[in-house]
Every structure is written in structure tokens, then in C-alpha cells.
Amino acid sequence: MYALCVGFFMTLLDTTIVNVALPSMITDLGASLNDVIWVVSAYLLAFAVPLLLTGRLGDRFGPKRLYGFGLVLFLLASLACGLSTTAEALIASRVFQGLGAAAMTPQTMAFITQLFPPDKRGAALGLWGSVAGLATVSGPLLGGVLVTHLGWEWIFFVNLPIGVLAVTLLVVWVPDLRPNRVPRFDVLGVVLCCAGLALVVFGVQNGEHYRWGQVAGPITVSEVIAAGVLVLAGFVLWQASPRNPEPLMPLRIFRNRNFSLGNVANISIGIAVTGVFVPLALFLQTVPKLSPLMTGLVTAPASLMSGVVAVFAGRWSNRADAKYLPITGFALMALGIAAMAFLLGDGSQWPLLPSMIALGVGMGLVFSPLTNIATRTLDRSLLGAGAGIYNTSRQFGNVLGSAGTGAVLQIVLASTGDFTTAVRATFLLLIAVLLVGIAAAVAFRRVAAPGGVTDSGRASDPGLPVSRPS
């Protein structure tokens, strides 16, 4: 478990460590605001899109092998990122980084669900959730130190020693679980999912760049977004088609109420986490003109509180009334972001400290409990598919958070010329998203503490049970 957490920490660290480096990238690479937003979104998009497929690849070739492949790809891409001299090269390298992360992430949840029984899974998810929370929000602090003293390139070079440790631990400690059967792949589903997500994100994020008009020839931004929505609708229809023998996303899994609501809440937390730290890091270095290091220090309390709280929240999430943990967490996050929107200014930024603490505690109460509640009552035969879908929904939320807040920033900044007003507008959007998360958590069905996995026995096996080696 600890061996997997090292690599998992590294992949999630790179979702936020770039935030404090964005102003430096604009200066050193001659990049635009839209360019550096794409440095974030390219990674998140390449991370999110293949997750459904890489979960199945892990089922076919074994989770340890695919995790190792993704880890090596991630390290090579990190080296390429640090050596990039143009925004275009950096964005391209970030795509390969995201692909490596996508190969690794589903395997961590696959090991948890296969190696830990239901009554022990809460503690394991507590550790996993604390790593996720700590990595997601500690990036700005580590990034601030590296950018201030060494340069933005080192936010990528730092992955190399962490990655070498992860490879060593993988080889020595992690068992080589083997699949019981070889799956077929939903090639059309992969194409539709990738194309649909790419079109939607491209349209949303680049809308202001093209002034919401023509992108190329007669094709407009609205037509690009509409095409993406139609392609995603086609993906859903194909997943439900009887002609699809083994869909990437078996829709029958959504008959489980807690799993369906859990994915709604998961998208909400993904949007909120990415959406708050990108504009906040840009604001702190643009308006009060803090250094990257001070920017990281301002956000550090959220990192500390999230990591500490997640450990205990994972253990508490085995209780029958566990839904009150994410309800409270979402509410604290909304309260913290609302306070930040009110307190933004060009003076001292330490009044933001209570807001950051509330945000961190809220995140810690959401991450691992939400995972446990969403997957606890799934039939064991659906756990593999469920892990892939759940990881995808979180990363899809991250992509939407980056693209959506980037679009709002550019729109409001173009109309008002005031960066503080633009950041406040993004925070108001995030509060609305968190209210959706609260509503989903409130609607969770109460379930007994786990003594075994109890869900519909009627569901057929869409994926692969992976047995432990004897």
C-alpha cells in the first residue's frame, strides 16, 4: 500500500504544483494566460480521458505491470516538461505526463479493492484519501519553494527522485496480481469518450480566446461544444447498446443509488479543488504580488488540514451515518471559498488563513469518505468497472474546474479589466458547484456498517475479478 501511495502522490501532486509557476511560465516562455491554463488542462484532460480504458488494461495485463508502465512514462514526460523551451512543447509533454498518470491511478484502487476486505477497506481508503488530499493541495507549497529558489523547471525535475523510489518499491513490495480472464476492449467507446471530452474542454476553455466566434473556417466555438456533447451522448448510447459485448462504462452500475450520487459529488469536488487553486495562485502573484514561496505558504494550511483529517475520516466512513462527513465537508469548503471571495484584496493575505483551514478540513472530510460510501455497496463483480468510472468522474471534474474557471477568468477580465473581480466570479461559480455536492451527499442512502459486500446479485460481470497470488 505504501509503495503505491508514493507513485499516486506524485501523479496528483502534478495536478496543482504547476499553479504557483504559471506567472513564471508566462514570463520565461512568452506564453499567454490561455497557454498556461492549457498547461494545467492538457495534463488533466490526458489524465481523465483514458481512465476507463487503463482500468481494463490493468485487468488484462495485471495492475502491477500497467502501473509500472505508467510510472516510467510519467518520469520520461516529467523530464521532457522540465527541458521544454516553448509553451507548445510544455503542453505536449504534459499530455504524456497525463497519460502516464492515467495508467497508474486505476491500479491503486484495484489493489485496495482486491487486497482489503470491506471491513478493512475504510482504513485503507483513509490512507489513500489522505495521500490524495495532501498531494492535491500541497503542490503550491512545494512548487513555491522550487520556483523561488531553482526555477519553474524544477517542479517537474523533482518527480525524478520520487519516481525512482516508487519504481524500487513497486518491484520489491507490490504483488503481481494476475487476471482470471482476458477482456475484450470497447474500441468505439474509447474513441467516442476521448473525442467528446476533448471537444467540450477545448470549446469551453478557448471560447474567450476565439471571442466565442469562429475557430477555423465556418466552425464556431458553440458548434465545437455542441459537437462534443453529441459525441458524449453517442458514447452513452453505445454503452447501453446490446451490440456492445463489454462496455467501458456498464450503465447498470448506476442502478446503485450511492454510486451514482457519489459520482455526482465526485465531479463537484474535482471542479472545486482545481477551480479554487488555479485562480487563487494567479491572484496572489498578480494583485498583492506575493512570491511563489509566499503563495505556497498562504495555501499550506489547507494542505496540512486536508491530509490530517482524511486519515480519521476514512476510518469514520465505515459507519452507517457516514454521509454526514461529506455533507459537512462540502459545507465547510463552500464557507471557506465564500470567505476568501469576500477577503480578497491587495493588502496582507494572512486573513485568508481561517478560510484555508476551513477549506482543508472540508476536503479531508470529503475525499476518502466519499469513495467508501460510493463503492461500499457495489457487487464485487462491479468493483473493477466502478473504480475506473469513479476515478474518471474525479478527473473529469478536475478538467471542468480548470477549463471552467479559466473561461470565467478570461471573460470577466476582458469585460472589467479587474483581476480581483474575475477571481471572485470564479469563486461564486465554485460555491454553486459545491451546493450540488451537498445535495448529492444528503441524498445518499443509509447503509449498514460493512460486514460483507451487499448489492444486487443480478448484475453480470462486466470486468475482471483479480485473484491474489497463492
Side-chain angles (χ1 to χ4, degrees), residues 15-41 44 87 137 139-141 143-144 147-148 152 155 204-212 271-302 333-334 336-356 359 398 400-434:
T15 63
T16 58
I17 195 171
V18 300
N19 294 344
V20 297
L22 297 181
S24 299
M25 291 176 183
I26 291 175
T27 301
D28 292 353
L29 299 177
S32 66
L33 176 60
N34 192 56
D35 289 335
V36 295
I37 294 295
W38 265 111
V39 171
V40 177
S41 292
L44 296 175
V137 293
L141 178 58
V147 173
T148 299
W152 65 263
I155 66 174
V204 170
Q205 184 162 305
N206 286 279
E208 182 61 27
H209 177 72
Y210 292 106
R211 300 186 183 276
W212 300 98
I271 292 174
V273 171
T274 302
V276 70
F277 286 105
V278 171
L280 181 61
L282 287 169
F283 169 82
L284 292 174
Q285 294 182 68
T286 302
V287 179
K289 299 190 182 304
L290 300 186
S291 68
L293 177 57
M294 287 303 298
T295 298
L297 288 174
V298 169
T299 61
M333 290 181 66
I337 292 175
M340 276 193 284
F342 177 77
L343 293 169
L344 288 178
D346 59 1
S348 172
Q349 300 304 304
W350 293 115
L352 294 177
L353 179 62
S355 303
M356 299 305 299
L359 179 63
N398 288 339
L400 289 179
S402 174
T405 54
V408 171
L409 273 177
Q410 294 179 74
I411 292 170
V412 178
L413 191 59
S415 62
T416 66
D418 184 68
F419 203 85
T420 303
T421 301
V423 173
R424 284 192 176 124
T426 65
F427 285 178
L428 293 176
L429 172 66
L430 298 179
I431 292 170
V433 169
L434 289 169

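All values below were derived from every heavy atom in this structure, side-chain atoms included, with hydrogens, water molecules and symmetry-related copies excluded.
- Two residues are said to be in side-chain contact when any heavy atoms from C-beta on lie closer than 4.5 Å; Pro279 and Phe427 meet this criterion.
- Of the residues listed (Leu428, Thr426, Leu280, Ile431), the one engaging Ile337 in a side chain to side chain contact (heavy atoms under 4.5 Å, CB included) is Ile431, and it is the only one.
- Taking all atoms of both residues into account, the shortest heavy-atom contact from Trp350 to Met294 is CZ2-CE, 3.7 Å.
- Between the side chains of Ser41 and Ser402, a donor-acceptor pair is found at a separation under 3.5 Å.
- Note: Leu434 CG to Leu429 CG = 9.5 Å, rounded to the nearest 0.5 Å.
- Closest of all the heavy-atom pairs between Ala422 and Leu413 is CB-N, 4.0 Å.
- The two residues Thr148 and Pro292 come nearest to each other via the heavy atoms OG1-CB, 3.6 Å.
- At least one side-chain heavy atom of Leu282 sits less than 4.5 Å from a side-chain heavy atom of Leu33.
- Heavy-atom minimum distance, Ala425 versus Val408: CB-CG1, 3.9 Å.
- Checked by atom type and distance alone, the side chain of Thr286 never pairs as donor or acceptor with a backbone atom of Phe283 at under 3.5 Å.
- Considering only heavy atoms from C-beta on, Thr295 stays 4.5 Å or farther from Asn19 through its side chain.
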Query raised in the report: Where do Met340 and Val276 land on the side chain to side chain contact (heavy atoms under 4.5 Å, CB included) test, with the steps shown first?
Result: CA-CA 10 Å; Met340 276 193 284; Val276 70; 3.9 Å; yes
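- Between Asp346 atom CG and Thr420 atom OG1 the span is 7.0 Å, to the nearest 0.5 Å.
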Requested in this report: Report the C-alpha distance between Phe419 and Leu344 in whole Å, list the side-chain angles of each, state the deciding distance to 0.1 Å, and finish with yes or no for side chain to side chain contact (heavy atoms under 4.5 Å, CB included).
Outcome: CA-CA 11 Å; Phe419 203 85; Leu344 288 178; over 6 Å; no
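- Here Ile411 contributes atom CD1 and Leu409 contributes atom CG; the two are 9.5 Å apart, rounded to the nearest 0.5 Å.
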Requested in this report: Walk me through it: do Met25 and Ile155 pass the test side chain to side chain contact (heavy atoms under 4.5 Å, CB included)?
Outcome: CA-CA 12 Å; Met25 291 176 183; Ile155 66 174; 3.9 Å; yes
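- Minimum heavy-atom separation, Ala341 to Arg424: O-NE, 2.6 Å.
- In terms of heavy atoms, Pro301 sits closest to Leu353 at CG-CD1, 3.1 Å.
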**Report entry** Intermediate values then yes/no, side chain to side chain contact (heavy atoms under 4.5 Å, CB included), Val40 and Leu22
**Finding:** CA-CA 9 Å; Val40 177; Leu22 297 181; 4.2 Å; yes
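- Of the inter-residue distances, the one linking Ser291 atom OG with Leu293 atom CG reads 5.0 Å to the nearest 0.5 angstrom.
- Trp152 contributes atom CH2, which lies 12.0 Å from atom OG1 of Thr27 (distance to the nearest 0.5 angstrom).
- The main-chain N or O of Ile271 is never found under 3.5 Å from a side-chain atom of Thr274 such that the two would form a donor-acceptor pair.
- Separating the NZ atom in Lys289 from the CG atom in Leu284 is a distance of 12.0 Å, to the nearest 0.5 Å.
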